[in-house]
Amino acid sequence: MASQPDEVRHRTVQTNGISMHVVERGELDSPPVLLIHGFPELWISWRKQITALSDAGFRAIAPDLRGYGDSDAPEDPAAYTVFHIVGDLIGLLDQLELPRVFVVGHDWGANIAWHLCLFRPDRIRALVNMSVPYMPRDPIVKPTERFKALGEGFYITQFQEPGRAERSISKYDVASIFKKMFSIKMDSLCAPAGTEIMDFLECPSSPPDWISENEFKYYVEKFEKKGFTAPLNYYRNFDTNWSLMAPWQGAKIQVPTKFIVGDKDIGFKSFGTGNHVKNGGLKELVPNLEFAIVEGHHFIQQEKADEINSEILSYFSGFVG
């Protein structure tokens, strides 16, 4: 079993037709903070934030999202739209009887957090999001069409075909997949033509130094049991999400937000993301925005936990009396 934050509480909550595994730490009457993980992660990705937040007087709440860890994984790929995931989280808050919460998101969890704030700003006090900024919706071109312009080796394009990424992943043990994913230091997640992205990624001899051996084993054990198909289904709903989001075309996120990104994050260095953040594009969409660029890579909340914890606590503290 992985080393976990002291005194965490595990529970299973029924929400939106699924059973969701949730981990908590902190007093029940403390200001609640919902932590939303990304791909390919789990609640334990927030282990260092769970401790820091609860020690600072907050109630940390970290679920395994739909399809991950000890939460249910519906077989239907269509059951992984942003509406399903946000619905799961609203149902979780209702079951916990929490009318409003602070939110922290990373990677796919950041994308879900943006939509949570867009759909239900009445439930969110403030947001800290990491790695994936809110991007404008192209009213004409579907996401997968834009991705094709990046070449056949682009990872999201390769993730679209059911079974393709799974076949590539199955050539390696799960530990090797996580060594590859946790250690990405490329300029673009795009493989050469005719090469699968999982074959192209380098596999170091050991995991990065920001994760312990037992923590790493926890990831491996959960993904050996659950597999990668359900998490990949999030990617396979890009076009469906695009269609469903048409009523929110041009809508802005009004929730007070701090955006944090690592200066070496592959997503920040690619696709014009850095310019979008630094040159005002993100603030156009999220008017009540602060942002911080810190030294680090993609899994910034694990790699630079102390700095990220300080950013989260300093921001949220401004909203509590």
Enquirer: Would you mind reporting whether N129 and V286 have side-chain heavy atoms less than 4.5 Å apart?
Expert: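 Not in contact.
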Enquirer: Look up atom CD in Q160 and atom OG1 in T144, then write down how far apart they are to the nearest 0.5 Å.
Expert: 6.0 Å
Enquirer: For P287 versus Q254, what's the shortest heavy-atom pair and its separation?
Expert: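 Looks like CG-OE1, 4.0 Å.
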Enquirer: Does L201 offer a backbone N or O that forms a donor-acceptor pair with the side chain of K180 under 3.5 Å?
Expert: yes
Enquirer: Specify the closest pair of heavy atoms between L118 and A251, including all atoms of both residues, with the distance to one decimal.
Expert: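 Here L118 and A251 meet closest at CD1-CB, 3.8 Å.
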Enquirer: Donor-acceptor pair, distance only, cut-off 3.5 Å: does the side chain of N16 make one with the backbone of G91?
Expert: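 Side chain of N16 to backbone of G91: no pair is present.
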Enquirer: Would a distance-only check, ignoring hydrogens and angles, find a side-chain to backbone donor-acceptor pair under 3.5 Å from D263 to G296?
Expert: yes
Enquirer: Could you label the plane-to-plane angle of the Y68 and F223 rings as parallel, tilted or perpendicular, counting under 30° as parallel and over 60° as perpendicular?
Expert: perpendicular
Enquirer: Starting at OG of S243, measure out to CG of N237 and round the result to the nearest 0.5 Å.
Expert: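 Taking OG in S243 and CG in N237, the distance rounds to 10.5 Å.
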Enquirer: Cut-off 3.5 Å, side chains only: do H84 and T81 have a donor facing an acceptor?
Expert: yes
Enquirer: Check the surroundings of atom CG in D306: do more than 12 heavy atoms from other residues, nucleotides or ligands lie under 6.0 Å from it?
Expert: no
Enquirer: Please check if the side chain of R66 supplies one atom and the backbone of D88 the other of a donor-acceptor pair under 3.5 Å.
Expert: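 Such a contact is absent between R66 side chain and D88 backbone.
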Enquirer: Once you measure the plane-to-plane angle for H106 and H298, does it fall in the parallel (<30°), tilted (30-60°) or perpendicular (>60°) bin?
Expert: tilted
Enquirer: Main chain of P99, side chain of R123: is a donor-acceptor contact present, judged purely on distance under 3.5 Å?
Expert: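 Checked: pair present.
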Enquirer: Would you say that more than 12 heavy atoms from the other residues, nucleotides or ligands in this model lie under 6.0 Å from the NZ of K171, or not?
Expert: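 Count over threshold, so yes.
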Enquirer: Please indicate whether E213 has more than 12 foreign heavy atoms, meaning atoms of other residues, nucleotides or ligands, lying under 6.0 Å from its CD.
Expert: no
Enquirer: Is there a side-chain contact between V82 and I112 in this structure, where contact means two heavy atoms from C-beta onward sitting under 4.5 Å apart?
Expert: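 Sidechains of I112 and V82: in contact.
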Enquirer: Rounded to the nearest 0.5 Å, what separation is found between the CG atom of L127 and the CZ atom of F102?
Expert: 11.0 Å
Enquirer: Taking L65's backbone N and O only, do any of them form a donor-acceptor pair with H37's side chain (distance below 3.5 Å, no angle check)?
Expert: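 A pair under 3.5 Å: yes.
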Enquirer: On the 0 to 90° scale, with breaks at 30° and 60°, tag the F159-Y155 ring pair as parallel, tilted or perpendicular.
Expert: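 Perpendicular.
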Enquirer: Relative to the ring of F228, is the ring of F39 parallel (under 30°), tilted (30 to 60°) or perpendicular (over 60°)?
Expert: perpendicular
Enquirer: Would L28 and R59 count as a side chain to side chain contact (heavy atoms under 4.5 Å, CB included) if you check the C-alpha gap in whole Å, the side-chain angles of each, and the deciding distance to 0.1 Å?
Expert: CA-CA 7 Å; L28 296 180; R59 176 185 175 186; 3.7 Å; yes
Enquirer: As an exercise, state the distance from CD of E215 to CG of L42, rounded to the nearest 0.5 Å.
Expert: 12.0 Å
Enquirer: State whether the side chain of R100 and the backbone N or O of P121 hold a donor-acceptor pair below 3.5 Å, judged by distance alone.
Expert: no
Enquirer: Indicate yes or no: does R164 engage E196 in a salt bridge with an N to O separation below 4.0 Å.
Expert: yes
Enquirer: Which heavy atom in F299 sits nearest to a heavy atom in P40, and how many Å separate them?
Expert: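 Closest pair (atom of F299, atom of P40, distance): CZ-CD, 4.3 Å.
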Enquirer: Where do T257 and E290 land on the side-chain hydrogen bond (donor to acceptor under 3.5 Å, both in side chains) test, with the steps shown first?
Expert: CA-CA 6 Å; T257 299; E290 299 179 19; over 6 Å; no
Enquirer: For A113 and G105, which heavy atoms make the closest approach, and how far apart are they?
Expert: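 Looking at all heavy atoms of both residues, the shortest contact is CB-CA, 4.5 Å.
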Enquirer: Would you mind reporting whether R125 and V320 have side-chain heavy atoms less than 4.5 Å apart?
Expert: yes
Enquirer: Quick one: do N111 and Y234 satisfy side chain to side chain contact (heavy atoms under 4.5 Å, CB included)? Show the steps, please.
Expert: CA-CA 11 Å; N111 190 32; Y234 284 60; over 6 Å; no
Enquirer: Quick one: does any side-chain atom of T273 pair with a main-chain N or O of G267 as donor and acceptor, under 3.5 Å?
Expert: yes
Enquirer: Looking only at side-chain N and O atoms, does Q95 offer a donor or acceptor that is under 3.5 Å from a partner on T15?
Expert: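 The criterion, which ignores hydrogens and geometry beyond distance, is not satisfied for Q95 and T15.
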Enquirer: To check you understand the geometry: which heavy-atom pair defines the closest contact between D265 and S131, and what is its length?
Expert: OD2-OG, 3.1 Å
Enquirer: I'd like to know if R25 pairs up with D55 as an ion pair, taking the criterion as any Lys NZ or Arg NE/NH1/NH2 lying under 4.0 Å from an Asp or Glu carboxylate oxygen.
Expert: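 Salt bridge between R25 and D55, a charged N being under 4.0 Å from a carboxylate O: yes.
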Enquirer: Could you state the interatomic distance from CH2 (W248) to CD1 (I253), rounded to the nearest 0.5 Å?
Expert: 12.5 Å
Enquirer: Would you call R236 and P77 a side-chain contact if the rule is heavy atoms closer than 4.5 Å?
Expert: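 SC-SC contact between R236 and P77 ruled out.
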Enquirer: Take atom CD of E224 as the centre, draw a 6.0 Å sphere, and report whether it contains more than 12 heavy atoms from other residues, nucleotides or ligands.
Expert: yes
Enquirer: Would you please test L96 and R11 for side chain to side chain contact (heavy atoms under 4.5 Å, CB included) and show each step?
Expert: CA-CA 11 Å; L96 298 181; R11 64 158 68 180; 2.7 Å; yes
Enquirer: Look at the aromatic rings of F182 and Y219 and report parallel, tilted or perpendicular, splitting at 30° and 60°.
Expert: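 The arrangement is perpendicular - the two ring planes meet at more than 60°.
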Enquirer: Can you say whether the rings of F147 and F238 are parallel (under 30°), tilted (30 to 60°) or perpendicular (over 60°)?
Expert: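 Ring orientation, 0 to 90° scale: perpendicular.
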Enquirer: Just say parallel, tilted or perpendicular for the rings of W114 and Y134, cut-offs at 30° and 60°.
Expert: tilted
Enquirer: Determine yes or no for a side-chain-to-main-chain donor-acceptor pair under 3.5 angstrom, with K258 supplying the side chain and V128 the backbone.
Expert: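 No; zero donor-acceptor contacts below 3.5 Å.
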Enquirer: Taking side chain as C-beta onward, heavy atoms only, is E311 less than 4.5 Å from M130?
Expert: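 E311 does not reach M130 side chain to side chain.
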Enquirer: A191 and I197: which non-hydrogen atoms are nearest, and at how many Å?
Expert: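 Smallest heavy-atom distance, with atoms named: N-CD1, 3.8 Å.
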Enquirer: Angle class for the F216/F178 ring planes (parallel below 30°, perpendicular above 60°, tilted otherwise)?
Expert: perpendicular
Enquirer: Go through it in stages, so that I can follow the logic: the residues are N309 and Q49, the test is side-chain hydrogen bond (donor to acceptor under 3.5 Å, both in side chains), and I'd like the CA-CA distance, side-chain angles, deciding distance and then a yes or no.
Expert: CA-CA 6 Å; N309 291 344; Q49 287 69 47; 3.0 Å; yes
Enquirer: To the nearest 0.5 Å, what is the distance between NE2 on H276 and CD on E284?
Expert: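 Answer for the NE2-CD pair, H276 versus E284, is 10.0 Å.
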Enquirer: Are K225 and E221 close enough for a salt bridge, meaning some N to O gap below 4.0 Å?
Expert: no
Enquirer: Hey, does the side chain of T195 reach the backbone of F200 with a donor-acceptor pair shorter than 3.5 angstrom?
Expert: no
Enquirer: Could you walk me through whether E307 and I300 pass the side chain to side chain contact (heavy atoms under 4.5 Å, CB included) test, one step at a time?
Expert: CA-CA 9 Å; E307 187 171 355; I300 194 72; over 6 Å; no
